[in-house]
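All heavy atoms count here, side chains included; hydrogens, waters and symmetry mates do not. So you know, we letter chains A, B, ... as the sequences are listed, proteins then strands, and number each from 1.
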Amino acid sequence: MTKRNVTICVSWPYANNNLHIGYIASSLSGDILARYHRMVGDDVIMVSGTDSHGTKPVLKAKKEGVTPKDIVDRYHKNFIEALDKFNFSFDKFSITYDEYHKQKCMDIFKKLYDNGYLYEKQLRRPYCEKCGKFVADTEIEITCPECGRRTKADNCDCGHVPTEADLEGATCLVCGGKTSQKQDKVLVFKLTAFKDVLTKLVKDNENVWRANSLNETKKYLADLRDRDFSRDLDWGVKIPVEGYENKVVWVWWEALLGYLTDTMKLGEEKGFDWRKFWKTDVEPNVKKIIYMVHAKDNIVFHSMFLPAMLEGLHDNFVINNTMVSAEYLMANNAKISKSSSGTSHEALDWANNYNTDSLRYHFAANGPETKDANFTFELFQTANNTEVVNKFGNLINRTLKFKGLETLPSGKLDETIKAEVEKTYDEVAKFIENIEFKKASERAMELVSFANKYYDENKPWVLAKENIEEFNNVIYSCAYVIANLSNIFEPFMPNASAKLREFLNLNKTPEWKPISIEGGIKLDKVEPLFSRI
RNA sequence: CGCGGGAUAGAGCAGUCCGGAAGCUCGUCGGGCUCAUAACCCGAAGGUCACAGGUUCAAAUCCUGUUCCCGCAACCA
């Protein structure tokens, strides 16, 4: 296959709470893609980082009497630790308060301004005299005129959306004082200027994107509006326009550019030209794939906001991308973010208590790919004990720990096994490239079932006593399957795959193609890959 | 009536675009095997495809309406 340049953009977790398993479930697709594309020989980068700006860290910092940086550093550390334990193979995982990111963003925003895509709008906003600044809706509290309860001003639990008038005399949550409506201005991004480009983008991907990405984007296009670009806040990326010294860029606009700034930084560090991943005029003959991996609440930002910004630079950016939009992971049928039950939904807790390969497999096979997926300990336990331990782990054990077997015998490779292995590579690859990870992981597991069946039908425990040559052929053929499972499962269960390579003295760098195996390997390193829970 | 995704055996899901004998994994029940972490293999039972209409020789699939879950729409991100 000809080499492609593949960029995998995994959405940026917000530094407001510890990483939860929903993020792992919806982002895993990115790591599966990254590992697979590296194995087929593509030039791959996978990037993301911590989204550190916005009002929430600021509020939390005030409450705890620390700086916003202290808050986001705490969560950034948690993100890195959790993602590392789940074996996410990021080439870069940065943080948006990084000076490099901020500077590059400001350069880009200046260009968008110069190109005429940012304009000023007047409006009235709540202003706190005591704090001496305009405050965000989440920083003030009002009495809801609909239900009479106290609520933050962005929305009320009763469903009422406060109007400009409702905000008059709101309470500032920072200082406790009253706010008043004052004349303010906001910088607006001219999203409507990109209607044709975005319409074409959707049309070009009619058979590529999932239904949620396509329809959600079409809906926005039907009623396309310009979007606010600035925010009244001092924690964020400064706006390189005169008169906006006290405002910052709304986090979305700069966080999305993190994919680009990560790539630029990576290029400087590793010595490659970042443009080969993002520009049509660099390595023009190499196919470029840009995957956008995120959950459904992020759709339009990736399908519209980012492409519009890139197009607005008038600089041959690759606009076309492959949207990989997941639905939501529910925990015990409740929204993870709002759940307050005793069970932890923190990614790090799960990683510390259970086998992350097993969790990865479970999320690939039963994750929120096209609709919300429920996640419970019981469902995971079943998947772990039946699919992962009984089928996968047991195949390894019954083959490589066959009673009395100390070295792998040489033998003749069974033709049906050889053919099935080749077929599995092709079909799993097809599913992965088609962003169907549920099917891909299940198809991979079918090879395990195929081998277990082959094992049973050929009864090596009988052959061991009656026909040692045939016994050797069967065990050798099963070991051949196991060697290839170490490749095929690399995107899904990287730890187990690495251990299999160690058991069988295989090359440490896996490739997406059948590998042969030699007899005579000492089997003393073999141990159970997974344990029951 | 703001908009998008979803509702299919006890559980989790595929099938819906392009209508043509209801499938997969797990669980349950029965059988086989004894190499293996009591794992593995074979077989069976189990579903008015959310609900109500309609189109058709034929509907899980197309059309209309309804209910429920999730998300988006606002200076939350």
Side-chain angles (χ1 to χ4, degrees), chain A residues 11-16 51 53-56 59 123 125-126 134-140 152-155 161-164 167 184 186 206-207 210-220 222-223 225 228 230-233 247 250-252 255 295-301 325 327-330 333-335 337 362 365-366 368-376 378-379 382-383 385-387 389-391 393-405 436 438-439 442 445-446 449 451-457 459-464 471 474-475 478 527-532:
Chain A
S11 67
W12 294 52
Y14 191 45
N16 183 46
D51 179 5
H53 295 135
T55 51
K56 289 190 177 180
L59 280 179
L123 80 171
R125 290 283 312 150
F134 285 98
V135 285
D137 285 3
T138 43
E139 290 178 298
I140 54 175
K152 283 192 183 172
D154 54 340
N155 69 22
V161 179
T163 62
E164 214 172 80
L167 301 184
D184 191 12
V186 62
E206 198 70 46
N207 297 313
R210 292 176 184 159
N212 57 4
S213 311
L214 283 171
N215 292 330
E216 190 74 11
T217 307
K218 283 180 191 167
K219 180 192 80 180
Y220 264 71
D223 181 26
R225 288 176 226 179
D228 289 1
S230 62
R231 285 286 184 272
D232 288 301
L233 206 66
K247 300 177 191 296
W250 183 30
V251 286
W252 268 113
K296 62 180 166 183
D297 53 339
N298 273 229
I299 290 173
V300 292
F301 304 107
S325 310
E327 291 289 307
Y328 259 45
L329 188 74
M330 314 283 282
N333 285 314
K335 278 174 73 176
S337 55
H362 181 60
N366 306 295
E369 194 164 299
T370 55
K371 59 178 162 187
D372 294 346
N374 193 21
F375 175 70
T376 65
E378 288 74 20
L379 286 169
T382 302
N385 290 352
T386 60
E387 306 265 315
V389 178
N390 290 357
K391 283 188 181 173
N394 185 47
L395 174 70
I396 316 300
N397 250 37
R398 72 197 303 210
T399 302
L400 303 181
K401 295 298 262 183
F402 190 95
K403 194 162 65 180
L405 198 67
E436 295 179 286
K438 193 185 285 280
K439 285 182 182 170
E442 284 172 355
M445 197 55 91
E446 270 179 39
S449 292
N452 271 322
K453 188 170 177 172
Y454 168 85
Y455 193 106
D456 264 64
E457 286 173 350
K459 301 181 173 54
W461 58 90
V462 175
L463 294 173
F471 169 82
V474 171
I475 293 296
C478 287
E527 56 177 20
L529 284 179
F530 311 101
S531 42
R532 314 179 69 77

Side chain of [X] (C-beta onward), nearest among [options]:
X	options	answer
W461(A)	rU34(B), rC26(B), rU37(B)	rU34(B)
W252(A)	rC41(B), rA36(B), rA77(B)	rA77(B)
V389(A)	rU37(B), rC26(B), rC76(B)	rU37(B)
K403(A)	rA36(B), rC72(B), rU37(B)	rA36(B)
N390(A)	rU37(B), rC72(B), rC40(B)	rC40(B)
Y14(A)	rC35(B), rG12(B), rA77(B)	rA77(B)
E216(A)	rG4(B), rA39(B), rA77(B)	rG4(B)
R398(A)	rC40(B), rA77(B), rC75(B)	rC40(B)
N215(A)	rA74(B), rG5(B), rA36(B)	rG5(B)
N397(A)	rU37(B), rC75(B), rC76(B)	rU37(B)

task = Would you check if D456(A) and R398(A) make a side-chain contact, meaning some heavy-atom pair closer than 4.5 Å?
result = yes
Does the side chain of [X] get closer than 4.0 angstrom to OP1 or OP2 of [N] through an N or O atom?
X	N	answer
K459(A)	rG32(B)	no
R532(A)	rA39(B)	yes
S230(A)	rC75(B)	no

query = Does the pair E206(A)/K218(A) count as a salt bridge with the N-to-O cut at 4.0 Å?
reply = yes
message = Whole angstroms only, please: what is the NZ-C1' distance between K391(A) and rA36(B)?
response = 16 Å
For [X], what residues pass the ring pair (Phe, Tyr, Trp, His ring centres under 6.0 Å) criterion, not counting sequence neighbours?
X	result
Y455(A)	none
F471(A)	F402(A)
Y454(A)	none

Restricting both atoms to N or O, compile the protein contacts to nucleotides 60-65 of chain B shorter than 3.5 Å, with distance only.
none

At a cut-off of 3.5 Å, list every protein nitrogen or oxygen paired with a nitrogen or oxygen from nucleotides 42-46 of chain B, distance to 0.1 Å.
{"residue": "rC42(B)", "atom": "OP1", "partner": "K453(A)", "partner atom": "NZ", "Å": "3.1"}

query = Taking atom types as they are modelled, is there a donor-acceptor pair under 3.5 Å from the base of rC41(B) to the side chain of Y455(A)?
reply = no
task = Between L379(A) and N452(A), just flag the one whose closest nucleotide in RNA chain B comes earlier from the 5' side.
result = L379(A)
inquiry  = Both F301(A) and D297(A) contact RNA chain B. Taking the nearest nucleotide for each, which residue is further toward the 5' end?
reply    = D297(A)
Listing time: all N or O pairs from protein to nucleotides 13-17 of chain B that are below 3.5 Å?
{"residue": "rA14(B)", "atom": "OP1", "partner": "T370(A)", "partner atom": "OG1", "Å": "3.1"}
{"residue": "rA14(B)", "atom": "OP2", "partner": "K371(A)", "partner atom": "NZ", "Å": "2.8"}

Rounded C1' spacing from rC68(B) to rG27(B) in Å = 26 Å
request  = May I have the step-by-step check of side chain to side chain contact (heavy atoms under 4.5 Å, CB included) for V474(A) and K459(A), ending in yes or no?
outcome  = CA-CA 9 Å; V474(A) 171; K459(A) 301 181 173 54; over 6 Å; no
Considering Watson-Crick and G-U wobble pairs with both distances under 3.5 Å, what does [N] pair with?
N	value
rG43(B)	rC29(B)
rG2(B)	rC72(B)
rU61(B)	none
rC13(B)	rG23(B)

key: Residues L379(A), H362(A); criterion side chain to side chain contact (heavy atoms under 4.5 Å, CB included); working and verdict   = CA-CA 9 Å; L379(A) 286 169; H362(A) 181 60; 4.2 Å; yes
inquiry  = Under a 3.5 Å distance rule, please check whether D228(A) uses its side chain to pair with a backbone N or O of W250(A) as donor and acceptor.
reply    = no
request  = Return the stacking result for rC35(B) and F402(A): yes when the ring centres lie under 5.5 Å apart and the planes under 30°, no otherwise.
outcome  = no
task = Nearest 0.5 Å please: distance from the CG atom of N394(A) over to the OG1 atom of T386(A).
result = 12.5 Å
